[in-house]
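Notes to accompany the following structure.
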Amino acid sequence: VLKELPRDFLREKSALVHAAAGATGVAAVQLLRKTEFVRRIFGTAGARWKRNFAKMWSADLVFGSRDTSFAESILSCTGGKGVEFVLNSL
């Protein structure tokens with residue numbers, strides 16, 4: 001799908017990958033990183049070790065997924081703009 005969108009539309013975009021430490025999440029982060037379309041990749045994961053694992057696989061920032069506080073953190077990191085893409089594999 002990302003290949004079908006115009007490059008100008010994708011430039012400087014950000015994405016949120018829920019469950020970024022799971023198999024689907026890691027694959028999504030890697031695909032987003034390789035396309036170079038998305039500038040910042042945020043993730044969520046439950047346990048601290050899972051958040052560290054997701055960062056190891058190239059997610060820029062990974063927040064806890066046990067509550068909704070990740071939403072405020074992402075808004076803060078993006079100057080209130082949020083993200084353009086969300087993948088939820090839960």
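Residues satisfying the salt bridge (Lys or Arg N to Asp or Glu O under 4.0 Å) criterion with R33, sequence neighbours excluded, are D60. Legend: residues meeting ring pair (Phe, Tyr, Trp, His ring centres under 6.0 Å) with F63, ordered by chain and number and at least two apart, are absent.
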Criterion side-chain contact (heavy atoms from CB on, under 4.5 Å) on L32 and F85, from CA distance to verdict: CA-CA 10 Å; L32 288 167; F85 303 102; 5.8 Å; no
Intermediate values then yes/no, side-chain contact (heavy atoms from CB on, under 4.5 Å), F42 and T78: CA-CA 10 Å; F42 299 102; T78 60; 3.8 Å; yes
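Summarising the geometry of S65 relative to T44, their closest heavy-atom pair is CB-CB, 3.8 Å, with the distance given to 0.1 Å. Closest non-hydrogen pair, A21 versus A45, comes out as CB-CB, 4.4 Å.
If you take CG on L61 and CD1 on I74, they are separated by 8.5 Å, rounding to the nearest 0.5 Å.
The main-chain N or O of S14 is found under 3.5 Å from a side-chain atom of E84 such that the two form a donor-acceptor pair. Counting only distance, with no hydrogens or angles, the side chain of R40 and the backbone of L16 share no donor-acceptor pair below 3.5 Å. Not a single donor-acceptor pair under 3.5 Å links the side chain of S76 to the backbone N or O of E72.
Its side chain within the 4.5 Å cluster rule, M56 clusters with V26, F53, W57 among the Ile, Leu, Val, Met, Phe, Trp and Tyr residues.
A continuous path of ILVMFWY side-chain contacts below 4.5 Å connects I41 to L87, so both sit in one hydrophobic cluster. In the hydrophobic clustering of ILVMFWY residues, with side-chain heavy atoms under 4.5 Å counting as a link, F70 and L75 come out apart.
Side chains of S89 and H18 form no contact here, defined as non-hydrogen atoms less than 4.5 Å apart.
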